[in-house]
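Read the structure below first, then the notes.
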Amino acid sequence: MNFIETRGNDGQQPSSITFSQAILSPMSSFGGVYSPESLPTFDEAFFKAHLNSGYKTLAKDVLSAFEVDIDEAVIDDALSLYDEFDDPKNPVPLVKVYDDLYVSELWHGPTRAFKDMALQPFGKVLSSVAQAKNEKFLILAATSGDTGPAALETFKNRDNVQVVCLYPDGGTSDVQRLQMVTEDAKNLKVIGIHGDFDDAQSALKSLLISDKFAEALKAHDISLSAANSVNFGRIIFQTIYHIYSYIELVRIGAIEMGEKVYLNVPSGNFGNALGGYYAYKMGLPVKQIHIASNNNNVLTKFISTGHYDLRNVSVIPTTSPAMDILKSSNIERILFDMFGAARTKELMLQLDTEKFYSLNEDELAQIQAIFAADFCSDEEGLTYIKKAFEAGYLMCPHTATCFKTYHFCREDKSVKTIAYSTAEWTKFSTVIAKALTGEEIEHDKEALELIAKKANVQIPTQISDLFNKEIAQKIVIDKQDIEKEILSFLNE
Ligand SMILES: *Cc1c(COP(=O)(O)O)cnc(C)c1O
């Protein structure tokens, strides 16, 4: 299957490319992204056949329906990384919280957040494709917390790929920072920046337009790639767990095969929700997809009114920082799928120039036929965390936003919900400690111990070990020194 451009073709870029090309060079004409030319479809027989097949077999069959141009041995190796999850037989457990609410836990991988679901296999695939082409790639990432650790973990010691990860010093949780600065591998560089996430991100952007930097890359024969959530190589792996969780719900007898469900997704860049949308388009019985946001509620307004409006808004820091996003990159693929390239180009260019676009009535109706949305304030989140804990479920603040949508978006109360949990409690422990005890705790270590005791759970070794590991990445610099630092890393 080939991939085509969401904003149409400019005559310079290839207008249709393969999967491996799309993951190596994800950017396309007019600032668009690549999307599948068409989607495979799955019927009930397919879902039935996978009732007991396990995650990897399902994943392999989904990837093969997309006809990806990746060697079977590479796919097998990539999928075998799910064997390192807590339970290799069931890497994505489904937990019943209420009679009609099941939580699909996407964080049982090495960095304890859902980014591993896609980045673990993606890292293996990208490195293999780069090796096969005998090309070298550099991945630059600015992170506020979860993408950085997952990207470093997946590319650690992999051939033909180097990763530089910038984080705001003091702007991440202790656990997130330790996950990055304790990564010790020759192909990884982690750099703390004096400043906030925006400083890290803008430093990265100015690097991308620097001639000196471009020359240095050329001299080293290195191309830039990207591991961010617009890369279809990540999205493809995010269609699988939606299908898997549905099948699990059937397997445990909570629904009949063919019965429709609500998917309920804590959203930032909309990669997770897009995976759910594609699963629905491919035939998964989905009644509606509920989009949960925090106080950065651009998506709630968009889905409720058809106005995507970035005028006079700026990012509000919240207790669910992985969702502190205003411009959800993957909305573009929804527009493209529903309205085509010409309209997508028009809307996205308007967003770039005027920071605003509006859908017409018909378009909005199409969006609302499959999506509904709500947002959850930090205070509401604390209450949901506490309530869920009292019902026996310990969850992170991102997951908590789904409880708002669960309460307010379901029109048909007889339909069961699959909500997605995107991080383990260990990654946002100070927030959870506050929800459970009312106490403000500054450091993760103390909060982790307090929750472990109160909830009678173990801190997983992936987290507890971090506090004893050696700090391998010690550099914290001003943003004007970033270019020099990265160039010296490339020269090593
Ligand atoms: C990345 C992330 C999200 C948002 O996912 P998108 O695919 O960007 O919408 C939500 N929660 C956590 C914990 C994350 O790391």
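What you see is a predicted model, and the numbers here were worked out from it, not measured in a lab. We count ligands from 1, going down the list as the structure has it; atoms in each ligand are counted the same way.
For R311 and D309, the salt-bridge test passes: some basic side-chain N is under 4.0 Å from an acidic carboxylate O. Between K469 and D184 there is no salt bridge, since no side-chain N of the basic residue sits under 4.0 Å from a carboxylate O of the acidic one.
Side-chain contact, N330 with R333: a donor N or O sits under 3.5 Å from an acceptor N or O.
Listed by chain and number, the residues in a salt bridge (Lys or Arg N to Asp or Glu O under 4.0 Å) with K327 are D352 (sequence neighbours excluded).
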Anything under 3.5 Å between an N or O on ligand 1 and a protein N or O? List each pair with its distance, or write none.
| residue | atom | partner | partner atom | Å |
| --- | --- | --- | --- | --- |
| ligand 1 | 7 (O) | G271 | N | 3.0 |
| ligand 1 | 7 (O) | N272 | N | 2.9 |
| ligand 1 | 8 (O) | N269 | N | 2.8 |
| ligand 1 | 9 (O) | G268 | N | 2.7 |
| ligand 1 | 9 (O) | N269 | N | 3.3 |
| ligand 1 | 9 (O) | F270 | N | 2.9 |
| ligand 1 | 11 (N) | T422 | OG1 | 2.8 |
| ligand 1 | 15 (O) | K115 | NZ | 2.6 |
| ligand 1 | 15 (O) | D146 | OD2 | 2.9 |

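Put simply, the side chain of P91 does not reach to within 4.5 Å of the side chain of K56, judged on heavy atoms.
Aromatic pair Y278/F66: centroids not less than 6.0 angstrom apart.
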